[in-house]
Novice: 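Before anything else, here's the structure in question.
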Amino acid sequence: MEREFFTQPTLKVAQQLLGKTLVRIWRGKRLAGKIVETEAYIGPKDKASHAYLGKKTPRNRAEFMVGGHIYIYLVYGMYWQLNFSTETKGRPTCVLIRALEPLEGINEPTNGPGKLCRALKLNKSFYGEDLCRSSRIWLENGLEIPQEAQIVRSARIGIDYAGPYWSKIPWRFYIKGNNFVSKK
DNA sequence: GTACAGATTGAG
DNA sequence: TCAATCTGTACT
């Protein structure tokens, strides 16, 4: 995928990522999966974002990079969370990849954000990696892009702490009826 | 230096 | 319903 794809508005990128193929080269092998579920986190105003009110720390600085870079971090002491930065440099926006449908070489579950990172052998060494230039992880166009009618919008998962408004805003997207979406 | 909570998961 | 497990961040 080109840089221009990732620099579009975050909500648009979150929806257009559905159906794209995420490719990861691991020990010379191709691991690939179709993205079936995403969530948008939109910078300073989003109370659920790590960059709420523009907060910038060593941990979340990748959120501020120009679209197409990897923001990866550890939650609950054991699960990695894969995000792609979006929009322009300095804008703290990103899309969380929540679930994949396995296509090639994947032998572990990928129906959750922590699980997909385990299946694709992703960790902090990917922090800040450029998806447009990396030789070990990138995105390819899927064969068919889901029609708008096949995309479901709902509230994001696991962010109740953000309060009644931000925890309910419908910034989670997934492919309708897909068996690999998390929280069946 | 110490305390604390989290964009999850799988077991009971 | 609940514990595992650890890092970034805030506070003393």
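Numbers restart at 1 for each chain; the letters A, B, ... are given by sequence-line order, proteins then strands.
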Novice: Counting heavy atoms from C-beta on, name the nucleotide in B:dG6, C:dT5, C:dC6 closest to the side chain of A:M78.
Specialist: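 Of all the options, the side chain of A:M78 is nearest to C:dT5.
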Novice: Give A:Q81 one of three labels, base, sugar-phosphate or nothing, depending on what nucleic acid heavy atoms sit under 4.0 Å from its own.
Specialist: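 Here A:Q81 touches the backbone only, sparing every base.
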Novice: Give one of base, sugar-phosphate or nothing for A:R59, where a contact means two heavy atoms less than 4.0 Å apart.
Specialist: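 Here A:R59 touches the backbone only, sparing every base.
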Novice: Taking the minimum atom-to-atom distance to the side chain of A:C94, which one of B:dT9, B:dA7, C:dT7 wins?
Specialist: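 Selected nucleotide (nearest to the side chain): B:dA7.
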Novice: Take the protein atom CG of A:N111 and the nucleotide atom C1' of B:dG10, then report the distance between them rounded to whole Å.
Specialist: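 For the pair A:N111 CG and B:dG10 C1', the rounded distance is 12 Å.
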Novice: Answer yes or no: is there a side-chain heavy-atom contact under 4.5 Å between A:K34 and A:F180?
Specialist: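 No; the side chains remain at least 4.5 Å from each other.
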Novice: Assign A:R118 to base, sugar-phosphate, or nothing according to its heavy-atom contacts below 4.0 angstrom with the strands shown.
Specialist: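 If one applies the 4.0 Å heavy-atom cut-off, A:R118 turns out to touch the sugar-phosphate alone, with no base involved.
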Novice: Nearest 0.5 Å please: distance from the CG atom of A:N178 over to the CD atom of A:Q150.
Specialist: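 Rounded to the nearest 0.5 Å, the CG-CD separation comes out at 10.5 Å.
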Novice: Please determine if A:R153 forms a cation-pi arrangement with A:Y174, meaning its NZ or CZ atom is less than 6.0 Å from the six-membered ring centre and no more than 45° off the ring axis.
Specialist: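 No - A:R153 does not lie over the ring of A:Y174 by the 6.0 Å and 45° rule.
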Novice: How far, in whole Å, is B:dG10 from C:dT7 if one measures between their C1' atoms?
Specialist: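 So the two C1' atoms sit 22 Å from each other.
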Novice: Classify the nucleic acid contact of A:L96 as base, sugar-phosphate or nothing, counting any heavy atom under 4.0 Å across all strands shown.
Specialist: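 Base, at least one base atom sits under 4.0 Å.
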Novice: Without decimals, in angstroms, what is the distance between A:N60 CG and B:dG6 P?
Specialist: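 About 16 Å, once rounded to whole Å.
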Novice: Given atom OH of A:Y79 and atom C1' of C:dA4, what is their separation to the nearest angstrom?
Specialist: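 So the OH-C1' distance, A:Y79 to C:dA4, works out to 8 Å.
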Novice: Send over the distance from A:I72 CD1 to B:dA7 C1', rounded to a whole Å.
Specialist: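 Value for this atom pair: 13 Å.
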Novice: B:dA7, C:dA10, C:dC6: which one has an atom nearest the side-chain heavy atoms of A:Y73?
Specialist: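 Comparing B:dA7, C:dA10, C:dC6 against the side chain of A:Y73, the answer is B:dA7.
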Novice: Does A:E129 come within less than 4.0 Å of A:R136, counting only side-chain N to carboxylate O?
Specialist: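 Salt bridge present between A:E129 and A:R136.
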Novice: Base, sugar-phosphate, or nothing for A:K47, non-hydrogen atoms under 4.0 angstrom?
Specialist: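 Contact class for A:K47: none.
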Novice: Take atom CD of A:E37 and atom P of B:dA7, then tell me their distance rounded to the nearest Å.
Specialist: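 Taking atom P of B:dA7 as the reference, CD of A:E37 is at 16 Å.
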Novice: Pick the nucleotide of DNA chain C nearest each of A:V75 and A:K124; which residue has the one closer to the 5' end?
Specialist: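 Between the two, 5'-proximity favours A:V75.
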Novice: Send over the distance from A:H50 NE2 to C:dT7 C1', rounded to a whole Å.
Specialist: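 Nearest whole value for this atom pair: 12 Å.
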Novice: How long is the line joining CH2 of A:W80 and P of C:dA4, in whole Å?
Specialist: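 That distance rounds to 21 Å.
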Novice: Given the P atoms of B:dT2 and C:dT5, what is the spacing between them in whole Å?
Specialist: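 My reading of the P atoms in B:dT2 and C:dT5 gives 22 Å.
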Novice: What about A:Y76: does its side chain form a donor-acceptor pair under 3.5 Å with the base of B:dA5?
Specialist: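 Answer is no: no donor-acceptor pair is held.
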Novice: Using whole Å, report how far CD1 of A:I42 lies from P of B:dA7.
Specialist: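 Rounded to the whole Å, the gap is 17 Å.
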Novice: Can you confirm if the NZ or CZ of A:R91 lies within 45° of the ring axis of A:F64 and under 6.0 Å from the centre of its six-membered ring?
Specialist: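 Output no; distance or angle outside limits.
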Novice: At 4.0 Å (heavy atoms only), tell me whether A:C117 reaches a base, stays on the sugar-phosphate, or touches nothing.
Specialist: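 Nothing: the residue A:C117, judged by heavy atoms under 4.0 Å, touches no strand.
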Novice: I want to check a possible cation-pi pair here: A:R98 against A:F173, using under 6.0 Å from ring centre and within 45° of the ring axis as the test.
Specialist: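 Pair A:R98/A:F173 does not count as cation-pi.
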Novice: Spell out, as yes or no, whether a donor-acceptor pair under 3.5 Å connects the side chain of A:R61 to the backbone of A:K56.
Specialist: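 Side chain of A:R61 to backbone of A:K56: no pair is present.
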Novice: Give the dot-bracket line for DNA chain B from 5' end to 3' end: parentheses for intra-strand Watson-Crick or G-U pairs under 3.5 Å, square brackets for crossings, | for inter-strand pairing, dots for unpaired.
Specialist: ||||||.||||.
Novice: Would you say A:Y41 stacks on B:dA7, if stacking means ring centres under 5.5 Å apart and planes within less than 30 degrees?
Specialist: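 Aromatic stack with B:dA7 present for A:Y41.
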Novice: Of the nucleotides B:dG10, B:dA7, C:dG8, which one has an atom closest to the side chain of A:K115?
Specialist: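 Minimum distance to the A:K115 side chain belongs to B:dG10.
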Novice: Is the NZ or CZ atom of A:K121 both under 6.0 Å from the centre of the six-membered ring of A:W26 and within 45° of that ring's axis?
Specialist: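 Verdict for A:W26: a cation-pi partner in A:K121.
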